[in-house]
Every structure is written in C-alpha cells, then in structure tokens.
**Q** 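Dumping the structure here so I can ask a few things about it.
What you see below is based on every heavy atom in this structure, not just the backbone, and it leaves out hydrogens, waters and symmetry mates. In each ligand, atom 1 is the first atom listed, and ligand 1 is the first ligand listed.
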Amino acid sequence: MLNRLRVLVSGLSHSSTRCCSGYVSRMRFLNRLKEDDDACAEALSDSHLMLFHSLQPLLKQNQDRSFSSVSLHHKDVESLLQSLGADLSIIRESVLIGCSDTGGALFCLDLAAVEAAAVEEQNGAKFVDLRKSFFLLSDSAAPLVAKAQALLRWHQTHRFCSLSGKPTERNRSGSHRVTAGSKVIHYPQMSPVVIALVHDGSRCLLARQASFPPGLYSALAGFCDMGESVEETVRREVAEEAGLEVLSVTYSGSQHWPFPSSSFMIGCFAAVSPAHTELSVDHSELEDARWFDLRQIQTGLRVPAPPRRGGGGPAVTWFPPRHAIGHQLMQEWAEQQQTRHVT
Ligand SMILES: NC(=O)C1=CN([C@@H]2O[C@H](COP(=O)(O)OP(=O)(O)OC[C@H]3O[C@@H](n4cnc5c(N)ncnc54)[C@H](O)[C@@H]3O)[C@@H](O)[C@H]2O)C=CC1
Ligand SMILES: [Mg+2]
C-alpha cells in the first residue's frame, strides 16, 4: 500500500558524505545533513540534483516509453550552468530530498533563473506541469517528485517572517528557514486533509467537484478544522457534503498530496447504516455524488487515468491515478468486498 513504510533506495558507500545501506543508517545520515550545514555542503558536491523550472519537473521519456524525472550529478549541473553563462551560485539553492539508489544524498534545484528551452534541449527532456507529471510517472517515482516540488514551493513562498516581516534565511539542506537576526525557525508545513471512502456494506460513495476533469469521481475529502480529530473531520465533512451520518471510522493510510499546495491526506473508511443512505448533496461543494457497487468500482479502476478522449460522447467514469490515495482506498475496498463474497 501507498504509505506502508516504503524504503526509498539502498546505498552501499561508507564514506562520510554518503549514506550506508540499511534504513537506520540512511535516516541518520539524512538527519545529520539537515542539522550540519558543513556536512550538507560536502554531500551536495557529490550528489545528484533533480531538476525543475518554475516548479515544473524535468521529465524524459525512456526507451520503453515510460517517463522519469531527470537528476544530474552536481558537476554536470555546473557544466550545464557554465554552458548557459549562468551564475553557479544558484546551486546553493538546492534542497535535500532523500537518498539516491547509488547511496548519495539527493537534492532538487529550480533552474528558473536560466532559459528552460536550453536546459530541455541539452538533456533531451521537457519541463512538465506537476499534475501532468503525476499521470506520466510511475507510482514509485511520483511521490519523490511531489515532495521536491512542495519543498521548492515552500521556500519560494516563505521568504519573509509572518511575525516580523523580516527576510528569512534557509539552512544548507533547506529543511527550515530562520528569521534574519533572530532565533525564530520556520519549518515546511502541510495542511491535514481527511479523505473518506463512505460505504454502506455493499456500495461506496464517490463524488465529483465541478472543477474536476469530465468523468472523474473520487472519495469525499475535506480540510481538518483547528482542534478537530480525524474522526470528527470525517463525520463533519460527510454530513456537510453528502448529508449522511457516519457510524464508524477506520484508518487506512496516508499520503502527501502536493495540490494545490501541500496537504497531508489521511485516508479512512467511513461506515454508514444501509438503512440511511439517501443523499442530500451540498451542490456548492460537489457537482455530483453517487453510490457505486463493486462491479462499477472494479470497472472504474481499470480505466486509465486520465482516459483517452472519445469523440464527443458522454464522459467515461474514471478514478484518480494509482498513486493517489483515493484510488488506493477504492482498491482496498474492492478487495475486501471480493474476499467477503468468496468466503
Ligand atoms: N489524493 C487524492 O486522492 C485526493 C485529494 N484531494 C485533495 O483534498 C483537498 C481537500 O479537498 P476539498 O474537497 O477541496 O476540501 P474541502 O471540502 O474542505 O473544501 C475546500 C474548501 O475548504 C476551505 N478550507 C478550509 N481549510 C483550508 C485549507 N487549509 N486550505 C485550503 N482551503 C481550506 C476553503 O474554503 C476551500 O474552498 C484538495 O486540495 C484536493 O486536492 C481530494 C480528493 C482526492
Ligand atoms: Mg470536500
């Protein structure tokens, strides 16, 4: 499942600026780089940098037609910037995002200061909007690209202290910013959001907002209010949006979601009574909400996201891509239903 602990990559080198194999070693290595500016600067000089331009990741198409993000070694980024006559000091803006599969630290860098087309041409790749990238990248690659973009965005939008209005300065890894001349520290933040697959025992409830692409349905979602527990948010959102009373809430998994700015999605199942399933949809929030049975969910899960455009007919019903937690909830529910029918 999406957020069951997924070990990013393994590393084998034992030098001080590279992480060792094993999850504990890698996490301690990354934590040291967050806290020690000198160690981080040293690691950066022998690291790969995932490239962005104006928050769009650089993607290249592989021989098997799949897509991957482009990460260049520090020295290749220097060569690239030199060839474009750009200031090499922008590399200092790199943000630490994890460990690469060759064992070194992995950073990301936004090349907004140089011409996008020149970078694309030199790398045989394209800068692609993040939403589009999500549909092109594999479900193992998309989360790291999303994390990188979210951190770059956070740095771009937190250049000033919200308390004093003074400029903020980042540490070397980019794990936090400090208000100039003070000890006020600012850390990247996510907004907690619940996403709940409401079910009545044999069907589940999906909805679409007017802003969704045609035919897309997903589980109900909503931002947590200050002071609320996850269970309270689920009960409130389902009551507000669909007019239903939730009887019980079960946690499934979680996910960082970069749109429109970082949310922390908490995925749950929400049971309602099969005797009280009549919907009263809040049309200021939702364009439509409907009950789907197992067969309809299984059919929808097989439709590629987004589906190929047909010739003007009614939009086919489709669900979020495989790596979205909305998809994972539907998949899990369908598997549970199937097991119930078999046993
Ligand atoms: N990963 C996935 O599968 C899915 C992710 N989502 C994400 O969940 C998020 C929340 O879903 P919605 O139904 O839009 O939420 P929602 O039902 O809470 O409605 C959004 C409204 O809540 C208010 N709001 C309260 N706190 C807010 C905050 N911290 N940031 C922004 N607006 C806030 C605003 O008025 C906004 O228009 C969306 O950003 C969407 O991208 C939604 C469905 C599927
Ligand atoms: Mg909502």
Side-chain angles (χ1 to χ4, degrees), residues 1-3 55 129-135 137 139-140 142-147 149-150 153-154 157-158 162 188-199 204-244 246 249 251-270 279-290 292 297 300-301 303-306 317-334:
M1 287 304 300
L2 192 69
N3 269 308
L55 298 177
D129 171 75
L130 188 68
R131 271 190 197 271
K132 204 167 164 201
S133 303
F134 243 63
F135 291 113
L137 290 166
D139 30 348
S140 58
L144 191 61
V145 174
K147 171 182 176 173
Q149 198 252 23
R153 177 194 292 277
W154 181 79
T157 53
H158 289 76
S162 55
Q189 287 177 346
M190 301 184 279
S191 300
V193 172
V194 297
I195 175 161
L197 189 64
V198 176
H199 62 93
C204 62
L205 181 67
L206 302 181
R208 51 174 280 108
Q209 297 178 11
S211 59
F212 284 9
L216 173 63
Y217 279 77
S218 188
L220 300 186
F223 290 93
C224 297
D225 279 351
M226 191 67 81
E228 267 181 343
S229 66
V230 168
E231 293 79 1
E232 285 166 342
T233 309
V234 171
R235 291 195 76 204
R236 177 181 56 75
E237 283 290 335
V238 175
E240 282 176 9
E241 296 189 354
L244 296 174
V246 169
V249 177
Y251 172 75
S252 169
S254 61
Q255 170 181 68
H256 167 248
W257 189 244
F259 312 111
S261 52
S262 284
S263 294
F264 179 61
M265 308 291 302
I266 304 154
C268 299
F269 294 104
L279 301 175
S280 156
V281 177
D282 176 356
H283 287 289
S284 66
E285 295 248 4
L286 300 177
E287 186 183 77
D288 187 29
R290 295 187 210 160
F292 287 70
I297 292 290
L301 286 170
V303 176
T317 297
W318 57 290
F319 303 149
R322 274 194 325 272
H323 34 287
I325 194 163
H327 184 110
Q328 308 261 331
L329 286 169
M330 290 175 222
Q331 184 81 49
E332 198 175 328
W333 180 82

**Q** Quick one: look up the protein heavy atom nearest atom 39 (O) of ligand 1 and list residue, atom name and how far away it is.
**A**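 Ranked first by proximity to atom 39 (O) of ligand 1 is P260 CD, 3.3 Å.
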
**Q** Hey, is ligand 1 close enough to F212 that some N/O pair sits below 3.5 Å?
**A**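 No; the residue has no nitrogen or oxygen that sits under 3.5 Å from a nitrogen or oxygen of the ligand.
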
**Q** For F259, counting its heavy atoms only, list the atoms of ligand 1 lying under 4.0 Å from any of them.
**A**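 Listed by number with element: 39 (O), 41 (O).
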
**Q** Donor-acceptor pair, E241 side chain versus V281 backbone, under 3.5 Å?
**A**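 Here the side-chain-to-backbone pair does not exist.
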
**Q** How close do F269 and L329 get, counting heavy atoms only, and between which atoms?
**A**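 Between these two residues, the closest heavy atoms are CE2-O, 3.5 Å.
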
**Q** Do any N or O atoms from the side chain of S262 and from the backbone of P258 form a donor-acceptor pair under 3.5 angstrom?
**A**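 No; zero donor-acceptor contacts below 3.5 Å.
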
**Q** For atom 35 (O) of ligand 1, decide whether some protein heavy-atom distance is shorter than 4.0 Å.
**A**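 Answer no: nothing from the protein, no heavy atom, is under 4.0 Å.
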
**Q** I want to check something: taking the side chain as every heavy atom from C-beta on, are E228 and P192 in contact at a cut-off of under 4.5 Å?
**A**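 E228 vs P192: side chains apart.
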
**Q** Would you verify that at least one protein heavy atom lies under 4.0 Å from atom 27 (C) of ligand 1, or report that none does?
**A**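 Within 4.0 Å of atom 27 (C) of ligand 1, protein heavy atoms are found.
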
**Q** Can you name the closest pair of heavy atoms from E332 and S252 and give their distance?
**A** OE1-OG, 2.8 Å

**Q** At what distance, to the nearest 0.5 angstrom, does CG of L197 lie from CH2 of W333?
**A**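 So the gap between those two atoms works out to 7.5 Å.
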
**Q** How does E241 reach ligand 1, by side chain, by backbone, by both or by neither, if only non-hydrogen atoms under 4.0 Å count?
**A**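 The side chain, only.
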
**Q** Tell me the protein heavy atom at minimum distance from atom 11 (O) of ligand 1, and give that distance in Å.
**A**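 The closest heavy atom on the protein side is A221 CB, 3.6 Å.
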
**Q** Just going by heavy-atom distances, which of G326, P258, S218 is nearest to atom 44 (C) of ligand 1?
**A** S218

**Q** Please examine the side chains of V238 and L205, heavy atoms only from C-beta on, and report whether any two atoms are closer than 4.5 Å.
**A**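 L205 does not reach V238 side chain to side chain.
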
**Q** Quick test: of every protein heavy atom, which one is nearest to atom 9 (C) of ligand 1, and how far off is it to 0.1 Å?
**A**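 For atom 9 (C) of ligand 1, the nearest protein heavy atom is V193 CG1, 3.9 Å.
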
**Q** Would you indicate whether the side-chain heavy atoms of I195 and W257 approach each other to under 4.5 Å?
**A** no

**Q** Can you give each donor-acceptor pair under 3.5 Å made by side-chain atoms of residues 213-224, sequence neighbours left out, with the distance rounded to 0.1 Å?
**A**
from: Y217; atom 1: OH; to: D288; atom 2: OD2; distance (Å): 2.4
from: Y217; atom 1: OH; to: R290; atom 2: NE; distance (Å): 3.3
from: Y217; atom 1: OH; to: R290; atom 2: NH2; distance (Å): 2.8

**Q** Heavy-atom contacts under 4.0 Å between W257 and ligand 1: side chain, backbone, both, or neither?
**A**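 It is the side chain that touches ligand 1; the backbone stays farther off.
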
**Q** E232 vs R236, test: salt bridge (charged side-chain N to carboxylate O under 4.0 Å, His left out). Steps then yes/no.
**A** CA-CA 6 Å; E232 285 166 342; R236 177 181 56 75; over 6 Å; no

**Q** Kindly confirm or rule out an N or O of M265 lying under 3.5 angstrom from an N or O of ligand 1.
**A** no

**Q** Might you check, step by step, whether the distance between atom 42 (C) of ligand 1 and some protein heavy atom is under 4.0 Å?
**A** yes

**Q** Is E285 reaching over with its side chain to a backbone N or O of D282, donor-acceptor style, under 3.5 angstrom?
**A**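 Looks like no, no N/O pair under 3.5 Å.
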
**Q** Quick one: which ligand 1 atoms are inside 4.0 Å of a heavy atom on Q255?
**A** 1 (N)

**Q** If the cut-off is 4.0 Å to any non-hydrogen atom of A324, which atoms of ligand 1 fall inside it?
**A** 3 (O)

**Q** Where is the nearest protein heavy atom to atom 22 (O) of ligand 1: which residue, which atom, and how far?
**A**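 Of the protein heavy atoms, F223 CD1, 3.9 Å lies nearest.
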
**Q** Determine yes or no for a side-chain-to-main-chain donor-acceptor pair under 3.5 angstrom, with H323 supplying the side chain and F134 the backbone.
**A** yes

**Q** Find out whether V194 and V249 are in side-chain contact, i.e. whether some heavy atom of one side chain is under 4.5 Å from a heavy atom of the other.
**A** no

**Q** Backbone, side chain, both or neither: what part of I195 comes under 4.0 angstrom of ligand 1, heavy atoms only?
**A**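 The answer is the side chain.
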
**Q** Relative to atom 19 (O) of ligand 1, which among M330, E285, Q189 owns the nearest non-hydrogen atom?
**A** E285

**Q** Protein non-hydrogen atoms only, distance under 4.0 Å: does atom 4 (C) of ligand 1 have such a neighbour?
**A**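 Under the 4.0 Å cut-off, atom 4 (C) of ligand 1 does have protein heavy-atom neighbours.
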
**Q** Does some side-chain heavy atom of L279 sit less than 4.5 Å from a side-chain heavy atom of L244?
**A** yes

**Q** Can you name the nearest heavy-atom pair linking I297 to A334, along with the distance?
**A**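 Nearest heavy atoms, I297 then A334: CG2-CB, 4.3 Å.
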
**Q** Ignoring water, what protein N, O or S atoms are under 2.8 Å from the Mg ion (ligand 2)?
**A**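 Near the Mg ion (ligand 2), below 2.8 Å, one finds A221 O, E241 OE2.
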
**Q** Which atoms form the tightest heavy-atom contact between P320 and H327, and what is the distance?
**A**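 Reported closest heavy-atom pair: O-ND1, 2.9 Å.
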
**Q** Tell me which protein heavy atom sits closest to atom 14 (O) of ligand 1, plus the residue, atom name and distance to 0.1 Å.
**A** Q209 NE2, 3.5 Å

**Q** Would you call E237 a ligand 1 contact, heavy-atom distance under 4.0 Å?
**A**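 Contact check E237 vs ligand 1: positive.
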
**Q** Just need the protein heavy atom nearest to atom 16 (P) of ligand 1, so name the residue and atom and give the distance.
**A** G222 CA, 3.6 Å

